[in-house]
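We use all heavy atoms of the structure for the numbers below, so side chains are in, but hydrogens, waters and symmetry mates are not. Nothing here was measured: the structure is a model prediction, and the numbers come from that model.
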Amino acid sequence: MNAPRTSRPIGICGMGTYLPRRIRTNEEVAETVGVSAEWIHERTGVHTRHVSAPEEAASDLAAAAVRAAAAAANIDAQDISLLICATSTPDELGPATACRIQARTGARFAVALDVSAACSGWLFAVKVAHDWLSQDRHPRYAAVVGVEAYSKFLDPQDRGTSVLFADGAAAAILGPVPEPCGFTDFVLGSDGLLADKVLIPAGGSRNPATPTTLRTGNHFIHMDGRAVSRFIRTTFPRLVQESLNRNHLTLDDLDCVIAHQPNPVLLRRLGHDLGLDDDRLVIVGDRVGNIGAASAPYALAAAASRRTIHPGNRVLITVFGAGMTWGSALLTWNGAPAIHLAPAPARPAVLPTTERAR
């Protein structure tokens, strides 16, 4: 016999973020890709990006963020019954990176699994966790973490990717929250006909690793920048407007908009075109770059820390990424705290020279 659904809404109880110690500035990137630091800033809005150390994998970053989120929620790792990792840069093709995170955090009672939806992954994973907890007779807590270690998959000479992509992790602890708080109105989507616009071509079952794939740089991120930009310019405004229409809201009814952070200049321009002022559209990509599945939760955690959002505020979350994938959800904020972990910066990082870069 199926257990009845919980009568309490599911929301966020605590958030945590982690950025690697090493920082890569525009000056470092400019030296490698053959443009000026000013060119990078004018076109992307990114100032700095964090780079994981050689011994740091995605699971290391994610585990730190999950531990911070659990501390913010005032729970123990053993209270976590579900652990979902959203990433496109896993530790290895198998097992799930979530299993690595489970071992590193001590969340031994959690069911651990990965969700792969590129930069949209965290919200896709939140939808899974939300529905999972909603079906529990006595819901506990779910940890949902977005993480990327993009620096390990970048061609240092490719200005289309090296100027934007970076490393970081952000996690949320989901659980029952008081009404009227919590998540509502999830809408997710994908268009596999556009899957070749952003990808790592080699290393999977279709194109396994060989000396040729290494020599030709097919283990780097390849991106059709113009196609991706067109997709973002179409998708972000559509997600906002469709959410407003479905829920009989106006733009003034939104206290905060959280979006994936592909390019701060582009995102800010699209926000202004929609009528969103800078106080409501949270921008964090200027300081951390595009951290993929971690971008939206990092922005949400930043909004919580900056007190941009307050209990009872209506937050619209919008995501879009490779696949192509997209999604949105409404969240009534309950005042969950956030803990940010960012070790003291080391000297600026330079990506390792690769066979192709020579």
Side-chain angles (χ1 to χ4, degrees), residues 5-6 8-15 69 82 84 86 115-135 139 141-146 170-190 232 235-251 253-262 267 271 274 276 280-282 284 292-304 308-309 311-321 323-336 338:
R5 291 170 61 94
T6 176
R8 297 184 65 183
I10 301 298
I12 292 178
C13 303
M15 300 200 70
L82 175 66
I84 308 180
V115 166
S116 180
C119 301
S120 304
W122 182 78
L123 191 61
F124 278 48
V126 166
K127 169 61 170 169
V128 174
H130 174 275
D131 292 359
W132 187 301
L133 293 176
S134 295
Q135 293 297 329
Y141 298 98
V144 182
V145 58
I173 301 297
L174 269 62
V177 293
E179 292 185 356
C181 299
F183 285 99
T184 60
D185 193 46
F186 286 96
V187 173
L188 309 176
S190 56
I232 294 168
T235 303
F236 176 52
R238 176 175 61 81
L239 290 174
V240 173
Q241 193 57 56
E242 288 180 353
S243 179
L244 295 177
N245 292 344
R246 278 193 311 274
N247 293 280
H248 308 291
L249 302 172
T250 69
L251 205 60
D253 294 317
L254 300 178
D255 298 294
C256 181
V257 175
I258 299 294
H260 171 52
Q261 310 277 313
L267 186 60
L274 281 168
L276 283 169
R280 287 193 292 165
L281 178 60
V282 179
V284 294
S295 291
Y298 190 93
L300 182 59
T308 302
I309 49 178
N313 279 179
R314 183 183 285 114
V315 180
L316 174 63
I317 303 173
T318 62
V319 293
F320 30 88
M324 293 293 197
T325 59
W326 61 86
S328 68
L330 285 173
L331 171 65
T332 301
W333 189 246
N334 62 301

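Ring geometry for Phe183 versus His130: interplanar angle over 60°, hence perpendicular rather than tilted (30 to 60°).
Nearest heavy atoms, Pro311 versus Gly335: CG-CA, 3.9 Å. Heavy atoms only, all atoms of each residue included: Cys13 and Val177 are closest at SG-CG1, 4.4 Å. A pairwise comparison of heavy atoms in Pro297 and Met15 identifies O-CE, 3.4 Å as the closest pair. Closest non-hydrogen pair, Thr325 versus Ser190, comes out as CG2-CB, 4.0 Å. Heavy atoms only, all atoms of each residue included: Arg8 and Pro178 are closest at NH2-N, 3.9 Å. Looking at every heavy atom in both residues, Ile12 comes nearest to Asn334 through O-OD1, 2.9 Å.
Counting heavy atoms from C-beta outward, Leu249 and Leu330 have side chains that approach closer than 4.5 Å. The shortest distance between side-chain heavy atoms of Phe124 and Ile84 does not fall below 4.5 Å. The shortest side-chain heavy-atom distance between Thr318 and Ile258 does not fall under the 4.5 Å cut-off. Using a 4.5 Å cut-off on side-chain heavy atoms (C-beta onward), Ile309 and Val282 make no contact. Phe236 has its side chain within reach of Val257: a pair of non-hydrogen atoms, C-beta onward, lies under 4.5 Å apart. Counting heavy atoms from C-beta on, the side chains of Ser243 and Val187 never come closer than 4.5 Å.
For the atom pair Lys127 NZ and Leu188 CG, the distance stands at 7.0 Å (nearest 0.5 Å). Rounding to the nearest 0.5 Å gives a distance of 10.5 Å between CD1 of Ile173 and CG of Leu82. Atoms NE2 and CG, from His260 and Leu123 in turn, are 12.5 Å apart once rounded to the nearest 0.5 Å. One finds the CG atom of Leu274 at 9.0 Å from the CG atom of Leu281 (value rounded to the nearest 0.5 Å). Asn247 CG to Asp185 CG: the interatomic distance, rounded to the nearest 0.5 Å, is 4.0 Å. Taking OH of Tyr141 as the start and CD1 of Ile10 as the end, the distance is 10.0 Å to the nearest 0.5 Å.
In this structure, the side chain of Trp122 engages the main chain of Val144 through a donor-acceptor pair within 3.5 Å. Side-chain atoms of Gln241 never come within 3.5 Å of backbone atoms of Leu239 as a donor-acceptor pair (strictly under, hydrogens ignored). Judged purely by atom type and a 3.5 angstrom limit, Gln261 has no side-chain atom pairing as donor or acceptor with the backbone of Ala294. With hydrogens and angles disregarded, a donor-acceptor distance shorter than 3.5 Å links the side chain of Ser295 to the backbone of Gly292. At distances below 3.5 Å, not a single donor-acceptor pair connects side-chain atoms of Asp255 with backbone N or O atoms of Val315. Looking only at distances, a side-chain donor or acceptor of Arg280 sits under 3.5 Å from a matching main-chain atom of Leu251.
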Given Asp253 and Thr250, is the side-chain hydrogen bond (donor to acceptor under 3.5 Å, both in side chains) satisfied, shown in steps? CA-CA 5 Å; Asp253 294 317; Thr250 69; 3.3 Å; yes
Test log, rule side-chain contact (heavy atoms from CB on, under 4.5 Å), inputs Val126 and Ile317: CA-CA 11 Å; Val126 166; Ile317 303 173; over 6 Å; no
